[in-house]
Amino acid sequence: MPLKSLKEVAKALAEKPSTLQYPEERDPLTDNYRGIHKLDMNTCISCAACFRICPNQTITMVDVDTDKGIKKMPEVNVERCLFCMLCEEVCPPKCLVLTKNYDTERYDRREYILRPEDLE
Ligand code: SF4
Ligand code: SF4
């Protein structure tokens with residue numbers, strides 16, 4: 001092997017790896033990164049504004065058994081989400097927000113459907 005190639009190999013070995021050991025290691029996210037939703041079930045007023053504004057039929061209003069009886073709250077199918085943030089923008093009490101959680105890998109497609117309790 002020519003000397004030049006050996007130098008290149010030695011240089012590459014000394015460099016920091018370009019890949020990360022996900023999920024233990026993670027790159028920092030940008031300030032405007034949009035990930036999986038978070039819902040505060042205590043302040044949701046069941047207005048369904050998030051459901052109506054969603055451009056990709058990602059949200060379904062489902063029954064939730066609360067201390068005050070059955071309430072309708074948003075269920076999110078993350079697989080369909082465009083992360084456009086419209087649902088967060090229209091939510092009157094600001095109880096539905098997009099977080100920086102990007103752990104969207106699932107082994108079963110049904111696990112993409114997150115009930116209100118899963119979004120807390
Ligand atoms: S971020 Fe956009 S696509 Fe996703 S649930 Fe909200 S409105 Fe729908
Ligand atoms: S999450 Fe917000 S917009 Fe959606 S039903 Fe609850 S209060 Fe209304």
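Just so you know, these numbers come straight off a predicted model, no measurement behind them.
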#### Entry: Minimum heavy-atom distance Tyr33-Lys100, with the two atoms named
O-NZ, 3.7 Å
### Task
Report, as yes or no, whether the 6.0 Å neighbourhood of atom CD on Glu25 holds more than 12 heavy atoms from other residues, nucleotides or ligands.
yes
### Query
Can you tell me how far SG of Cys91 sits from CE of Met85, rounded to the nearest 0.5 angstrom?
11.5 Å
### Task
Give a yes or no answer on whether the side chain of Glu88 reaches the backbone of Leu98 with a donor-acceptor pair at less than 3.5 Å.
yes
#### Entry: Heavy-atom pair of closest approach, residues Arg115 and Glu75
CG-OE1, 3.4 Å
### Query
If Ile, Leu, Val, Met, Phe, Trp and Tyr residues are connected whenever their side-chain heavy atoms lie under 4.5 Å apart, and connections chain through other members, are Ile53 and Leu39 in the same group?
no
### Message
Testing the basics here: between His37 and Thr99, what is the closest heavy-atom pair and its distance to 0.1 Å?
### Response
C-CG2, 4.3 Å
### Message
Could you tell me if the side chain of Ile36 sits less than 4.5 Å from the side chain of Thr104, heavy atoms only?
### Response
yes
### Query
Would you say Leu86 and Val90 are hydrophobically clustered, going by side-chain heavy atoms of ILVMFWY under 4.5 Å?
yes
### Message
Is there a side-chain contact between Cys95 and Cys44 in this structure, where contact means two heavy atoms from C-beta onward sitting under 4.5 Å apart?
### Response
yes
### Message
Is there a path of hydrophobic side-chain contacts, each under 4.5 Å between heavy atoms, that joins Val64 and Ile59?
### Response
yes
### Query
Can you tell if the side chain of Thr58 reaches within under 4.5 Å of the side chain of Val76, non-hydrogen atoms only?
yes
### Message
Taking the side chain as everything from C-beta on, heavy atoms only, tell me whether Val9 gets closer than 4.5 Å to Leu13.
### Response
yes
### Task
Under the side-chain hydrogen bond (donor to acceptor under 3.5 Å, both in side chains) rule, collect the residues that match up with Thr30, sequence neighbours excluded.
Asn32
## Note on the structure
Scanning both residues in full, the closest heavy-atom pair of Ile113 with Asp118 reads O-OD2, 4.2 Å
## Note on the structure
Tightest non-hydrogen contact, residues Met73 and Pro116, listed as CB-CG, 3.7 Å
### Task
For Leu96 and Cys87, work out which heavy atoms get closest and say how close.
CD2-CB, 3.9 Å
### Message
Is it the case that the side chain of Arg34 and the backbone of Phe83 share a donor-acceptor pair, with hydrogens and angles ignored and the cut-off at 3.5 Å?
### Response
yes
#### Entry: Pairwise side-chain contact, Glu120 with Lys38, heavy-atom cut-off 4.5 Å (strictly under)
no
### Message
I'd like to know if the side chain of Arg80 reaches the main chain of Asn56, judged simply by a donor and an acceptor atom lying under 3.5 Å from each other, with no hydrogens or angles considered.
### Response
yes
### Task
Under the side chain to side chain donor-acceptor pair (under 3.5 Å) rule, what do Tyr22 and Asp103 come out as? Steps first, then yes or no, please.
CA-CA 10 Å; Tyr22 176 85; Asp103 291 323; 2.5 Å; yes
### Summary
Contacts of Asp63 meeting side-chain hydrogen bond (donor to acceptor under 3.5 Å, both in side chains) (sequence neighbours excluded), chain-then-number -> Lys72
### Query
Does a salt bridge link Glu79 with Arg109, judged by any charged N lying under 4.0 Å from a carboxylate O?
yes
### Query
Around atom NZ of Lys94, are there more than 12 heavy atoms of other residues, nucleotides or ligands at under 6.0 Å?
yes
#### Entry: Side-chain (Lys11) to main-chain (Leu6) donor-acceptor, under 3.5 angstrom
no
### Task
Establish, yes or no, whether the cationic atom of Arg26 lies under 6.0 Å from the six-membered ring centre of Tyr102 and within 45° of the ring axis.
yes
### Trace of the salt bridge (Lys or Arg N to Asp or Glu O under 4.0 Å) decision for Asp108 with Arg110
CA-CA 5 Å; Asp108 186 331; Arg110 287 169 294 189; 2.7 Å; yes
### Message
Restricting to side-chain hydrogen bond (donor to acceptor under 3.5 Å, both in side chains), what partner residues turn up for Asp65, sequence neighbours left out?
### Response
none
